[in-house]
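Right, one structure below, let's go through it.
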Amino acid sequence: MDAIGCQELLMPVINPAEIWRESGRWDKVGEELFRFKDRKGADMALAMTHEEVVTWLAAREVRSYKQLPQLWYHIQTKERDEARPKSGILRTREFIMKDSYSLDVDVEAMQVSYDKHVAAYDRIFARCGVRFLRVESDNGMMGGAVSHEYMAPSPAGEDEVVVCDACGYAANVELAVAGADQAAGGADRAAGGPATSPGGEEAGALVEVATPEARTIDEVTAFLGIAASELIKCLVVVSQERGTIIVLVRGDHELNELKLRRVIGEFRLATADEVADSLGVGIGFVGPVGASLDTFADETLRAGTYVAGANKDGYHVTGVTAAHFQAEFRDLRTVGGGDRCPHCDGRLQSERVIEVGQVFQLGTQYSEPMNARYLDEEGAERPIVMGSYGIGLARVAAAVVEQHHDENGIVWPPSVAPFAAQVLSVRASDAGQSELADRVYGELVAAGFEVLYDDRDLSPGIKFKDADLLGCPLQVIVGKRAAEGVVELKWRATGERDDVPVAGLTAAVRAALDASF
RNA sequence: CGGGGUGUGGCUCAGCUUGGUAGAGCGCUCGGUUCGGGACCGAGAGGUCGGCGGUUCAAAUCCGCCCACCCCGACCA
């Protein structure tokens, strides 16, 4: 952060509600924001992130374009009232974040600050030993336009991304798009299947078929002997802004609620009663053809011929194409492994990941409402253009451990190891060993290394196992050759050991750590 | 908020089905032996069985309510 010109600040955890009201997030973020009242009854919040504080500060400090750009960062506790803290240290209600903020004169300048952060983050994660993907992401409640997430592949992760190994396209499944892929769709099924109409894209004949008691995708595919990809999945949702509407995705696809939310705003699934009231049909037999509600369909359904609910209890219709119903086509489905890359002919792979960082181009999302403005060269007042950039420290630690361990425990990369080395005496009850171990520990500390010392009088097996478990990059073992002034230097990562005279130990440790960078 | 699970020495758990004097392993204490990859022998200490109420001659065990924690989902920068 310092290397790209950031200044470190310390910002308050306790925020007056006022600044959160100014930014609009007091009402927008909901229960995730910890709120309380002070003794005077004034609303307060525990900051979950610091855009408001930064913008408030910028509004008071920045007057002129000559003061820009500014890059500010801090490393601090953040608070979020998570609905369900889980996964060890991956999702907690109190956590430490490094976050920084850029203040610029315009979008082009902000892009420069953004690119600086991307470059710095690439270096930071590489140095921490984290294998990561930088993926396109959703901005969530942050607002703004462009956003990327830093994702560390790990089965322990809570997020999922898709990656094209041909062109490098990578995106969070929350917003990933897939290329058109006719092959998997209903249209190209071999003729003769019940879903295929001879006319292809033209509106062929609709045929009503009795499908008693076949409501779910599984039941209908089993009953008709067709693939799920030949069905239209028909969901009825209630939107705050648009009322009750129909949403269509292909039978083998999943609705991406985030994508739909971007189209229709907040929504929930309709209850069976609501479906019956608005369409007069049971929930398993709803279809787009002849339905009286506004309809949104996933792009995939533009092509192909499908089976869909007949809006009549106990019946489905076959031969349904896009020409048979009125709908607004949008990208609404969740992309997964095996889908076609939107940018090339490659296939997408999906991967579980730990989100370790995220960068946002905020634009004037905060500076406009909070009046953070400057005078440009012409003397015109303009809003500051902002970016924000976060790294979850505990998550980095978790990702490092998930990616660097073996059957014996953690294998810390030297850059992030809590201690560079662990000194242990094999037999603490042996005066010679203890004295030498004390001396070695003292010398290493004096030489500026962070050292952990296991001087417990326990059996050697326990001490070796514990040292491996803790995973310091180097172990200095003071044992049977103590009398000769020789100790053993062991590399945790490889298990490689060298006997080293105490006189050369400090130099050997320094050389070993230098070599690992 | 919905679904599932678990609460028994410090820790991990058995016992509950079929009610009848509360157990094991690890850890801990003391003595002795051992000592380069989680040693061994011997002797000990340690539990209102999550809480409240009920059934019963008798409840860790059966019933009801409550509490806490864990997992899955919803949710989530």
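Below, chain A is the first sequence line, B the second, and so on; all start at residue 1. Bear in mind that the values here come from a model prediction, so they are computed numbers and not experimental data.
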Can you tell me how far [atom2] of [N] sits from [atom1] of [X], to the nearest Å?
X        : N     : atom1 : atom2 : result
A/Arg91  : B/C70 : CZ    : P     : 15 Å
A/Glu484 : B/G36 : CD    : C1'   : 15 Å
A/Gln358 : B/A77 : CD    : P     : 9 Å
A/Leu424 : B/G38 : CG    : P     : 14 Å
A/Lys463 : B/G38 : NZ    : C1'   : 13 Å
A/Lys480 : B/U34 : NZ    : C1'   : 16 Å
A/Lys98  : B/A77 : NZ    : C1'   : 14 Å

Of all the nucleotides listed (B/G37, B/C75, B/G38), which has the minimum atom distance to the side chain of A/Ala83?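 Nearest to the side chain of A/Ala83 among the choices is B/C75.
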Taking 4.0 angstrom as the limit, do A/Arg93 and A/Asp81 come out as a salt bridge?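 Yes, A/Arg93 and A/Asp81 are salt-bridged.
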Pair A/Glu158 + A/Arg91, salt bridge at N-O below 4.0 Å: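 Salt bridge: yes.
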Under 4.0 angstrom, heavy atoms only, what part of the nucleic acid is [X] near: base, sugar-phosphate, or nothing?
X        : answer
A/Gln433 : nothing
A/Arg497 : base
A/Asp430 : nothing
A/Lys86  : base

Using atom [atom1] in both nucleotides, what's the gap between [N] and [M] to the nearest angstrom?
N     : M     : atom1 : value
B/G9  : B/C76 : P     : 39 Å
B/A45 : B/A39 : P     : 26 Å
B/C65 : B/C28 : C1'   : 38 Å
B/G44 : B/G36 : P     : 32 Å
B/C63 : B/U18 : P     : 10 Å
B/C11 : B/C62 : C1'   : 30 Å
B/G46 : B/C30 : C1'   : 15 Å
B/A68 : B/A43 : P     : 45 Å

Quick one: does A/Thr49 reach the base of B/A77 with a side-chain donor-acceptor pair under 3.5 Å?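 Pair found.
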Heavy-atom donor-acceptor pair, A/Lys465 side-chain to B/G36 base, under 3.5 Å: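 A donor-acceptor contact between them is absent.
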Polar atoms only, N or O, under 3.5 Å: list the protein pairs with nucleotides 30-33 of chain B and their distances.
none

Tell me the partner of B/A68, counting only Watson-Crick (N1-N3 plus N6-O4 or O6-N4) or G-U wobble (N1-O2 and O6-N3) with both under 3.5 Å; none if nothing fits.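 B/A68 is paired, partner B/U6.
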Who pairs with B/G31 - Watson-Crick or G-U, where each distance is under 3.5 Å: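 Checking every strand shown, B/G31 finds its partner in B/C41, with both distances under 3.5 Å.
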Side-chain N or O of A/Arg84 less than 4.0 angstrom from OP1 or OP2 on B/C72?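 Checking B/C72 against A/Arg84, a side-chain N or O does come within under 4.0 Å of OP1 or OP2.
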Pairwise N/O distances under 3.5 Å, protein to nucleotides 25-27 of chain B:
none

